[in-house]
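A quick write-up on the structure given underneath.
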Amino acid sequence: ELTVGLSENVRQALELGLLDLAFVKRRAGEQKGELVWREPLIWIAAPGFDWDPAQPVPLIVLVPPAITRTAALTALESVGSSWQVVCTSEAQSGVHAALAAGLGIAPHARSLVPPGLTEISSNELPPLGDVEFVVLAGVQGRRDPARALVDAIKQNGSLLRRARGRSRDAGRQDAGREDRMMLQHEE
């Protein structure tokens with residue numbers, strides 16, 4: 001059975017013994033889990049999104065306890081930026097839809113930015129730090145078959161990431177596969 005959800009919720013289900021393995025995000029530097037990859041969190045929006053830095057940052061975020069949400073709010077508060085949550089979603093697809101509609105700006109793992117959205121940089125937006133993607137194993141997840149799956153995920157983690165600089169046609173051909181993979185990466 002595959003369970004998709006926010007990393008913190010999936011992690012809790014694993015700790016309760018409801019799952020054998022979990023592929024989740026963690027804050028950079030945490031020790032639990034086997035590292036698959038590490039990358040920066042970035043700010044993204046629809047191409048051409050126009051934000052007036054004199055106004056609060058219009059945030060599109062996942063529901064608590066999402067790691068990206070916490071990173072964005074912490075970063076903005078640390079530099080004294082004003083912000084307003086304009087959309088909250090329980091799923092990454094909802095964040096992507098709100099971004100595509102031009103409602104605001106969202107924190108996102110750099111290699112997982114979907115087609116049609118773009119990284120934005122502004123001196124008004126603070127850096128978000130890094131996030132790590134890891135595999136966690138419960139009691140059952142430490143047995144040989146599960147161990148083989150953990151090893152396969154670690155060895156092939158690059159297949160889960162979006163290749164940067166790929167041609168537009170290649171992105172469209174792979175979009176369905178990558179969207180399915182994205183479900184596994186929701187906070």
Side-chain angles (χ1 to χ4, degrees), residues 2-11 14 19-47 49 59-63 65-72 75 89-100 105-121 125-137 141 146-187:
L2 174 66
T3 300
V4 178
L6 298 175
S7 288
E8 296 299 324
N9 296 343
V10 170
R11 186 184 339 264
L14 180 81
L19 301 173
D20 299 329
L21 293 174
F23 179 63
V24 297
K25 289 179 191 170
R26 72 177 181 198
R27 290 165 193 84
E30 288 183 2
Q31 299 302 308
K32 284 189 175 182
E34 295 184 46
L35 183 65
V36 179
W37 79 81
R38 179 182 179 145
E39 69 178 84
L41 289 175
I42 59 169
W43 297 102
I44 65 170
F49 178 76
L59 283 179
I60 300 170
V61 289
L62 290 163
V63 296
I67 291 169
T68 53
R69 177 192 183 102
T70 301
S89 176
E90 291 186 1
Q92 198 69 56
S93 57
V95 169
H96 294 162
L99 287 164
I105 298 167
H108 208 282
R110 175 174 276 151
S111 73
L112 302 177
V113 176
L117 299 175
T118 188
E119 180 174 356
I120 57 172
S121 61
L125 294 172
L128 295 166
D130 289 347
V131 66
E132 297 174 339
F133 291 82
V134 299
V135 178
L136 300 168
R147 186 72 236 159
L149 180 57
V150 168
D151 291 342
I153 291 170
K154 287 174 60 179
Q155 291 171 6
N156 297 291
S158 63
L159 297 175
L160 300 173
R161 301 166 72 181
R162 178 172 304 287
R164 300 196 52 86
R166 216 172 21 180
S167 78
R168 201 172 193 155
D169 289 337
R172 273 196 290 272
Q173 290 169 355
D174 290 343
R177 180 186 62 82
E178 289 176 349
D179 287 346
R180 287 191 298 277
M181 298 306 285
M182 287 290 290
L183 289 176
Q184 298 174 12
H185 295 302
E186 288 185 3
E187 289 284 320

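Atom set for the values below is all heavy atoms of this structure, side chains included, hydrogens, waters and symmetry mates excluded.
- With rounding to the nearest 0.5 angstrom, the CG atom of Asp20 is 10.0 Å from the OG1 atom of Thr3.
- In this structure, CD in Glu90 is found 8.0 Å from CG in Leu6, a value given to the nearest 0.5 Å.
- In terms of heavy atoms, Glu132 sits closest to Ala28 at CD-CA, 3.7 Å.
- Put simply, the side chain of Ile67 reaches to within 4.5 Å of the side chain of Glu8, judged on heavy atoms.
- By the side-chain hydrogen bond (donor to acceptor under 3.5 Å, both in side chains) test, Glu30 pairs with Arg27, sequence neighbours left out.
- In this structure the side chain of Ile60 never reaches within 4.5 angstrom of the side chain of Ser89, judged on heavy atoms.
- Under the 3.5 Å distance criterion, the side-chain polar atoms of Arg69 are matched with a main-chain donor or acceptor of Leu62.
- Here the shortest heavy-atom pairing between Ala109 and Val131 reads CB-CG1, 4.4 Å.
- Considering every non-hydrogen atom in both Leu112 and Arg161, the closest pair reads CD2-CA, 4.2 Å.
- Remark: Ala75 pairs with Pro126, Leu128 by the side chain to side chain contact (heavy atoms under 4.5 Å, CB included) rule, at least two apart or across chains.
- Annotation: side chain to side chain contact (heavy atoms under 4.5 Å, CB included) contacts of Ala97 (sequence neighbours excluded): none.
- By the 4.5 Å heavy-atom criterion applied to side chains, Glu119 and Val113 are not counted as neighbours.
- To the nearest 0.5 Å, the span separating CG on Leu21 from CG on Leu14 amounts to 7.5 Å.
- Side-chain atoms of Glu39 and Asp130, non-hydrogen and from C-beta on, never get closer than 4.5 Å to each other.
- Counting all heavy atoms, side chain and backbone alike, Arg26 lies closest to Gly33 at NH1-O, 3.5 Å.
- Under the 4.5 Å side-chain criterion, counting only non-hydrogen atoms from C-beta, Val61 is in contact with Pro107.
- Trp37 and Ser111 get closest at one heavy-atom pair: NE1-OG, 4.0 Å.
- With Glu34 as the fixed residue, the side chain to side chain contact (heavy atoms under 4.5 Å, CB included) test singles out one of Val134, Leu136, Val150, Ile153: Val150.
- Counting only heavy atoms from C-beta outward, the side chains of Phe49 and Leu117 never approach each other to under 4.5 Å.
- Nearest approach of Val10 to Ala22, heavy atoms of both residues: CG1-CB, 3.6 Å.
- We find the CD1-CG distance between Ile105 and Leu125 to be 5.0 Å, quoted to the nearest 0.5 Å.
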